[in-house]
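Encoded as structure tokens, the structure appears first; notes follow it.
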Amino acid sequence: MASDMEKTAEKASLAPSATNTSEQYGSSRPIVPETVRGLSPRHVQLMAIAGSIGTGLWAGVGSVLVKSGPLSLILGYLFWGLFFICPVNLCVGEMLAYLPLKGSIFELAARYADPALGFAIGWTFFFASVMLVCVEYSAVAVIISYWDATTNPAAYVAAAMVVCILLNIVAVKYYGESEFLMSITKVLLLFGLILITIITMSGGNPKHDAYGFRNWGSDPSTYMRQYYTTGSTGRFLGWWEVVLYAGFTIGGPEMIALSAGEIQNPRRTIPRVAKMIFARIVTFYVVGVFCVGIICSSSDKGLIKAISEGAAGAAASPWVVGIQNVGITGLPHLINALIMLSGLSCGNAMVYGSSRTLYGLARDGKAPRFLTKCTQQGVPIYAIAVVSVITCVTFLVASNEAIDVFWWFIDLTTTGLIATYTMFALTYIFWYRARTTQGLDESTLPYRVPGGWYPAICAVFCGCLALTFVGYDCFAPFSTRGFVTSYFGLAFAVVMFAGWKVWHRTKFVHPAEADLISGKKEVDEDCRRWEEGGIEENYRKYLATLPFWERCWERLW
């Protein structure tokens, strides 16, 4: 086995490096048009936050609050964050810190598990991310309808498309800066709403009403509302609705997986980002939904009416309804504008994610080769073009209610994302078996997941459970639309896996034969300027060259 690995390493050493590095810390210049390492830690963290904090937290969460109640909202998000998103983030961090390839986790799944699994992961996430772009485009149309209900929403879909495409065809460092600024705006919006909640619940409002936790209700049964059926089963299903909605709204792992080949100093950045993204995203969401339940009652008549009538934009947001209830005026328009920017930011991040997925698949031979074509700035231009053409399906809003189209895409996205993350965790299990069987020295790993493979097993179990019961409420009475949109992503993943496996007659990789070496020499050379002499030592030297305020800023990320 050792000789086989030596041969593999020798073959890898003969492969030409795709990039030429300069001695300047954090810079690289491509010899040939290819994606480049132009993303800093703050870019990646804020991109992941941008891809996660979309319109779901501002408007869509109102319907879940009405169905489930404030306590179910908190418990559902905590459960999904701790037992699914956290393990997947850390597992992706370990694998990609060791081998941050351009082509990412799809290639690793093919190496460690089965080429069919790599194919299925890539195309399933591509499907989910394109659907998420459609979610945000349709959300922008819904949000602008708050101000203009007469113009066909398709016009606003087109405007959102133009903005996101233009931001994605510039050099990756400029894309990162634009996404960073938009993400900061979303974070500030969330902090602002949390602060408003604290102030108004304490009596700092025009009515001087210190309402505290009154909106939770005087009857404890309203804390966890009944959904679909009655009794304890109904309360459990109310909580389960929150878990499924969290499956749509909480993300993060895919941005690490997709940007691994473009991250600066990846073996320091990826583990740090994996841990911090989880903490920040889950904190944002758990604190956010906690405040939603405080500022607006789950039985608020205004909120229920707005949801049932398909009200546009901020009109159906529990934040806005709660603010209006205490007599504050003027804020709804500002919040609606910021929600619109939030949708644009999330759409922008997912155009990046879906185009890099397609680029990675093409590099790995699982998509047409022409999709690897990049501009001199490292932008996969043809991949972005294909994504843009597919997302034209969002123009369904021209002939259907924009809010209905919005929820169709949410259902399609939810299943696709859960399936993708579950396969990420499954890939880690195969990786763990391979590195253990082959005796890979753990001290050479830049990062290791606490608990070995048990967190990944937990994530796979939770993911499979969610995929099985994602559309439980569409069976009685049976809803064809609900069944298709709920389970299409799962069927797509299964067909992609089975189709590639049958067509190419692939086999699951034996742990002793998994390829842990190929490409590592190129990555080591690419990262030499950050790692030679010690990763942390070099980083400390780099910080020492910066002014005090800039050092503090860098340490945040």
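The backbone N or O of Ala514 lies less than 3.5 Å from a partner atom in the side chain of Gln438, making a donor-acceptor pair. Looking only at distances, a side-chain donor or acceptor of Asn538 sits under 3.5 Å from a matching main-chain atom of Trp530. Between the side chain of Thr269 and the backbone N or O of Gln264, at least one donor-acceptor pair lies under 3.5 Å. Proximity of a side-chain donor or acceptor of Asn168 to a complementary backbone N or O of Ile384 within less than 3.5 Å is not detected. No side-chain donor-acceptor contact under 3.5 Å links Thr200 to the backbone of Gly204. Remark: side-chain polar atoms of Trp123 are paired, donor with acceptor, to backbone N or O of Lys366 under 3.5 angstrom. Judged purely by atom type and a 3.5 angstrom limit, Thr124 has no side-chain atom pairing as donor or acceptor with the backbone of Ile121. In this structure, the side chain of Thr249 engages the main chain of Tyr245 through a donor-acceptor pair within 3.5 Å.
Between Pro380 and Arg356 the shortest side-chain heavy-atom distance falls below 4.5 Å. Here the side chains of Leu193 and Ile323 are in contact, with some heavy-atom distance below 4.5 Å. Looking at heavy atoms from C-beta onward, Arg448 lies in side-chain contact with Leu445 at the 4.5 angstrom threshold. Taking the side chain as every heavy atom from C-beta outward, Cys86 and Pro455 never approach each other to under 4.5 Å. Annotation: side chain of Met95 is not in contact with side chain of Arg435 (no heavy-atom distance under 4.5 Å). Here the side chains of Val287 and Ile194 are in contact, with some heavy-atom distance below 4.5 Å. Looking at heavy atoms from C-beta onward, Asp524 lies in side-chain contact with Arg267 at the 4.5 angstrom threshold. The side-chain heavy atoms of Thr391 and Val157, taken from C-beta on, include no pair separated by under 4.5 Å.
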Residues Lys521, Glu525; criterion side-chain contact (heavy atoms from CB on, under 4.5 Å); working and verdict: CA-CA 6 Å; Lys521 182 177 177 62; Glu525 178 60 26; 5.7 Å; no
Check against ring-ring contact (aromatic ring centres under 6.0 Å, His included), Trp431 and Tyr98: CA-CA 11 Å; Trp431 148 257; Tyr98 172 74; 5.3 Å; yes
Worked verdict on Val130 versus Val351 for side-chain contact (heavy atoms from CB on, under 4.5 Å): CA-CA 7 Å; Val130 169; Val351 170; over 6 Å; no
Test log, rule side-chain contact (heavy atoms from CB on, under 4.5 Å), inputs Ile418 and Trp80: CA-CA 11 Å; Ile418 295 173; Trp80 193 248; 3.9 Å; yes
Stepwise side-chain contact (heavy atoms from CB on, under 4.5 Å) test for Phe125 and Leu417: CA-CA 7 Å; Phe125 180 69; Leu417 287 177; 4.0 Å; yes
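Nearest heavy atom pair, residue Leu99 against residue Ser518, reads CD2-O, 3.9 Å. For the residue pair Ala362 and Thr372, the shortest heavy atom distance occurs at CB-CG2, 3.5 Å. Considering all non-hydrogen atoms of both residues, Ala128 and Gly416 come closest at CB-C, 3.6 Å. When all heavy atoms of Glu136 and Cys346 are compared, the pair lying nearest together is OE2-SG, 3.5 Å. A pairwise comparison of heavy atoms in Leu82 and Pro87 identifies O-CD, 3.4 Å as the closest pair. Shortest non-hydrogen contact noted between Cys296 and Val321 is SG-CG1, 4.0 Å.
Checked against Glu94 for a side chain to side chain donor-acceptor pair (under 3.5 Å), the options Tyr428, Tyr447, Tyr432 give a single hit: Tyr428. Across Val292, Val286, Ile294, a single residue satisfies side-chain contact (heavy atoms from CB on, under 4.5 Å) together with Phe290, and that is Ile294.
Summarising the geometry, atom CZ belonging to Phe409 is positioned 4.5 Å from atom SG belonging to Cys134; distances are rounded to the nearest 0.5 Å. The OG1 atom of Thr545 sits 7.5 Å away from atom CG of Leu543, with the distance rounded to the nearest 0.5 Å. For the atom pair Phe424 CZ and Asn89 CG, the distance stands at 10.0 Å (nearest 0.5 Å). Note: Arg363 CZ to Leu371 CG = 13.0 Å, rounded to the nearest 0.5 Å. Here the OH atom belonging to Tyr421 is positioned 5.5 Å from the CD1 atom belonging to Ile85, to the nearest 0.5 angstrom. Atom OG of Ser354 sits about 12.5 Å away from atom CZ of Phe127, to the nearest 0.5 Å.
With 3.5 Å as the limit, one finds no donor-acceptor pair spanning the side chains of Ser345 and Asn348.
Within a 6.0 Å radius of CZ in Phe370, more than 12 heavy atoms belonging to other residues, nucleotides or ligands are found. Within 6.0 Å of atom OH in Tyr382, 12 or fewer heavy atoms from other residues, nucleotides or ligands are found, so the atom counts as exposed in its surroundings.
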